[in-house]
Amino acid sequence: MGANSSSISELPENEYLQKLSGSEPISENDPFWNQLLSFSFTTPTNSADLKLLEEATISVCKSLVEKNPRTGNLGSLIKVFLSRTKELKISAECQNHLFIWQAHNALFIICCLLKVFISRMSEEELQLHFTYEEKAGPSSYGTECEDLIEELLCCLIQLIVEIPLLYPCQHTDSNWWKWLCSWYRGRYSGGVTSALGDITYSISLEAVTTLIVFLSCQLFHKEILRESIIHRYLMHGRCLPYTSRLVKTLLYNFIRQERSPPPGTHVFQQQTDGGGLLYGIASGVATGLWTVFTLGGVGSKASAQLEQCSPLASQSLLLLLVLANLTDAPDIPNPYRQAIMSFKNTQDNTAFSSSNPHAFQINFNSLYTALCEQQKSDQATLLLYMLLHQNSNMRTYVLARTDIENLVLPILEILYHVEERNSHHVYMALIILLILTEDDGFNRSIHEVILKNITWYAERVLTEISLGSLLILVVIRTIQYNMTRTRDKYLHTNCLAALANMSAQFRSLHQYAAQRIISLFSLLSKKHNKVLEQATQSLRGSLGSNDSPLPDYHFWEMSDCLHFSETKLRHAQDLNVIEEVIRMMLEIINSCLTNSLHHNPNLVYALLYKRDLFEQFRTHPSFQDIMQNIDLVISFFSSRLEQAGAELSVERVLEIIKQGAVALPKDRLRKFPELKFKYVEEEQPEEFFIPYVWSLVYNSAVALYWNPRDIQLFTMDSG
């Protein structure tokens with residue numbers, strides 16, 4: 001049959017794959033590897049391609065799993081890859097210029113095999129496949145064992161941090177890269193970008209992908225992995241010194257958003273005279289195999305989605321999130337999280353703390369721009385959350401920006417389209433707003449930013465509105481959506497906390513924003529009355545008489561509650577929740593009236609227009625204290641409007657309110673503690689974040705496929 005397989009179904013019978021997975025050991029010096037690795041192809045660009053590939057080669061992989069402990073062929077392949085990368089780094093004058101090409105091809109095969117191995121065996125079993133033995137002689141049983149896992153992991157990290165992407169001569173002082181650039185410029189009319197840059201992009205992407213695959217053992221465990229062999233390698237030993245450089249490189253990959261080269265552009269073409277360096281090799285003995293193996297070769301098309309984005313940027317961000325959310329080791333905190341927590345702006349000249357060896361500098365302006373542009377993806381929003389929550393340098397920088405609307409508007413758009421987003425993405429967007437609203441400067445500045453024509457806001461045409469008023473509108477809309485759909489108390493809590501943080505700084509509220517605040521209170525009031533009626537009926541039914549006098553529901557005793565069934569108890573709990581929310585809304589309105597009444601005539605107007613809503617809460621024991629100020633304001637302005645006469649125009653009413661705001665004695669308003677809420681992560685946050693991050697990897701990783709039946713970490717609808 002030979003090396004040229006004409007269809008996917010023939011791959012299991014291919015002689016090269018059979019030899020790799022066979023029972024005969026293949027030395028790392030065997031010419032077989034040059035034949036296997038000298039192929040030209042386009043790497044698969046979507047999970048559908050990888051699914052077909054995995055299904056077609058599963059018998060080969062199973063054979064390798066069975067026979068590799070005796071043959072060590074996986075180890076030989078890895079040693080061949082390591083030797084190619086060593087040549088790539090140190091052999092500037094090497095006469096064999098195929099090392100980048102073959103290193104990439106070897107890494108692609110390793111990644112495919114690793115994914116199958118990791119999904120089918122424990123880490124301990126995997127480690128045995130990486131431990132190989134060499135016989136010292138025909139009758140000797142002495143062994144020499146090397147741990148290839150650490151060496152391969154370290155090599156992958158070095159590839160990521162040391163290989164420049166495009167125009168490498170402009171990004172490094174390395175003499176061997178300069179020599180290599182010069183050689184390629186003289187050799188190919190397309191220049192470095194079309195020859196060297198494209199293949200280095202591909203090998204960088206493959207290295208990032210392989211690291212993700214190494215860490216994917218978490219997918220196949222329901223519990224959070226706290227003791228992991230792979231984690232231990234990444235947090236100790238040879239990998240540890242590269243921590244900050246790896247985090248920095250992954251961040252810069254995200255910042256640059258380099259587009260992937262068009263399919264096939266990294267394939268080296270022979271010269272027109274037929275004497276090119278790679279002539280005859282790329283089209284030689286292994287080409288037929290790998291054209292099929294990679295599903296269409298250079299003629300296959302990448303998906304439209306990948307053509308519009310950067311696979312390397314997306315994959316780098318996913319790897320960064322995975323690394324940052326590894327659990328701490330028993331003897332060391334996660335160094336990748338430490339690096340994310342401590343990096344500084346390139347313009348910050350203050351000294352780094354000697355206690356943090358993982359600190360580095362990065363261009364905050366470039367990072368901020370990338371974050372603003374990429375918020376439509378869950379992973380970019382999660383990165384923004386991590387930076388604001390964990391890196392005080394980045395948080396201070398973001399809050400000092402004069403163009404904060406560029407960051408806030410994409411977050412608001414996520415919340416506005418809440419029904420189209422998964423719950424985790426909505427949570428992250430809300431928490432980001434909560435973190436931002438902890439800062440008084442932010443709460444003031446957003447009312448000074450005037451926006452025009454917000455096209456995605458469909459309920460009403462907003463030709464001109466402040467960023468602060470738009471934020472209020474979107475958060476209130478989220479609360480209303482949650483009340484009618486998801487009924488998530490956590491969502492309510494974060495929305496109300498953000499509004500409460502802002503309330504003392506409300507300025508020049510748009511009339512529609514003021515109306516929506518009071519409309520939300522109206523909705524809560526109706527909900528309260530309905531729940532109260534249900535709870536009262538439940539208690540009457542429990543007491544056994546429709547005519548029995550009931551104690552006021554505010555003074556129900558434990559003896560009353562003992563009569564409750566589970567349904568009746570739920571009514572009582574619902575009543576407690578709705579009253580907590582009403583209390584918070586009254587506190588938000590009160591905070592605005594006591595701190596910035598003269599800045600918000602539209603809120604006073606809306607309050608007066610719906611004054612009857614508040615009547616039932618004046619004597620309510622849960623609200624009497626907070627109602628004092630609201631009742632005073634309503635009475636004061638109602639009196640002034642009555643004195644002005646009947647049938648006043650809107651303009652005249654607003655004028656009277658503005659005049660009254662100056663005349664209202666401020667000392668008559670009762671002082672309450674300032675409303676301030678601070679976001680704090682719950683205990684064991686990894687229980688939330690690790691499944692979330694891996695669901696993003698499962699759904700978003702470029703050209704990675706896992707069988708959904710094998711996934712244990714999360715249910716398939718949680719991503």
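For clarity, every value in this text was computed on a predicted model and none was experimentally measured.
- Atoms CD1 and CD, on I224 and Q684 in that order, are 9.5 Å from each other to the nearest 0.5 Å.
- Judged purely by atom type and a 3.5 angstrom limit, W694 has no side-chain atom pairing as donor or acceptor with the backbone of F714.
- Checked by atom type, the side-chain pair N325/Y336 shows no donor-acceptor distance below 3.5 Å.
- Judged purely by atom type and a 3.5 angstrom limit, S216 uses its side chain to pair as donor or acceptor with the backbone of V213.
- Note on ring orientation: taking the six-membered ring where Trp is involved, the planes of F130 and F214 are tilted (angle from 30° to 60°).
- Q218 places no side-chain N or O within donor-acceptor distance of the main-chain N or O of L215, the cut-off being under 3.5 Å.
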request  = Given salt bridge (charged side-chain N to carboxylate O under 4.0 Å, His left out), test E66 with R120 step by step and report yes or no.
outcome  = CA-CA 12 Å; E66 177 187 349; R120 283 168 167 75; over 6 Å; no
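- Side-chain contact between E151 and D147: absent, with no pair of heavy atoms (C-beta onward) separated by less than 4.5 Å.
- Applying the side-chain contact (heavy atoms from CB on, under 4.5 Å) criterion to R337, with sequence neighbours excluded, gives D328, N334, M341, Q390.
- The pair E28-R84 does not meet the salt-bridge criterion, since no charged nitrogen lies less than 4.0 angstrom from a carboxylate oxygen.
- The two residues A339 and V247 come nearest to each other via the heavy atoms CB-CG2, 4.0 Å.
- Here the NE2-CD1 distance, from H129 to I149, works out to 10.5 Å after rounding to the nearest 0.5 Å.
- The distance from atom OG of S695 to atom CD1 of I690, rounded to the nearest 0.5 Å, is 12.0 Å.
- In terms of modelled atom types and a separation under 3.5 Å, the side chain of S228 and the main chain of L225 share no donor-acceptor contact.
- Nearest heavy-atom pair across L240 and M235 is CD1-O, 3.4 Å.
- Between the side chain of T249 and the backbone N or O of R245, at least one donor-acceptor pair lies under 3.5 Å.
- Atom CD1 of I157 sits about 11.0 Å away from atom CD of E162, to the nearest 0.5 Å.
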query = Can L320 and I340 be said to form a side chain to side chain contact (heavy atoms under 4.5 Å, CB included), step by step?
reply = CA-CA 9 Å; L320 180 63; I340 287 175; 3.9 Å; yes
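- Atom CG in L319 sits 6.0 Å away from atom CD1 in I160 (nearest 0.5 Å).
- Side-chain polar atoms of T71 and E24 form no donor-acceptor pair below 3.5 angstrom.
- With hydrogens and angles ignored, the 3.5 Å screen pairs a side-chain donor or acceptor of S76 with a backbone N or O of I26.
- In this structure, K248 has no salt bridge (Lys or Arg N to Asp or Glu O under 4.0 Å) partners at least two apart in sequence or on a different chain.
- Y201 places a side-chain N or O within 3.5 Å of a backbone atom of L312 that can act as its donor or acceptor partner.
- At distances below 3.5 Å, at least one donor-acceptor pair connects side-chain atoms of S377 with backbone N or O atoms of A380.
- Distance check: L387 CG to F343 CZ gives 5.0 Å after rounding to the nearest 0.5 Å.
- With ring centers used as reference points, Y698 lies 6.0 Å or more from Y705.
- Donor-acceptor pairing under 3.5 Å is lacking for the side chains of H231 and T327.
- The backbone N or O of R238 lies less than 3.5 Å from a partner atom in the side chain of E150, making a donor-acceptor pair.
- Remark: the backbone N or O of L64 is not paired with any side-chain donor or acceptor of N68 at under 3.5 angstrom.
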Worked verdict on L156 versus L107 for side chain to side chain contact (heavy atoms under 4.5 Å, CB included) = CA-CA 9 Å; L156 293 173; L107 184 54; 3.6 Å; yes
request  = Start with the C-alpha gap between L323 and L326, add the side-chain angles, then the distance that decides, and say whether side chain to side chain contact (heavy atoms under 4.5 Å, CB included) holds.
outcome  = CA-CA 5 Å; L323 291 171; L326 297 178; 4.1 Å; yes
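- Residue pairs meeting the salt bridge (Lys or Arg N to Asp or Glu O under 4.0 Å) criterion with at least one partner in residues 223-237, sequence neighbours excluded, are R226-E686, R226-E687.
- Side-chain N/O atoms of E258 and S310 include no donor and acceptor closer than 3.5 Å.
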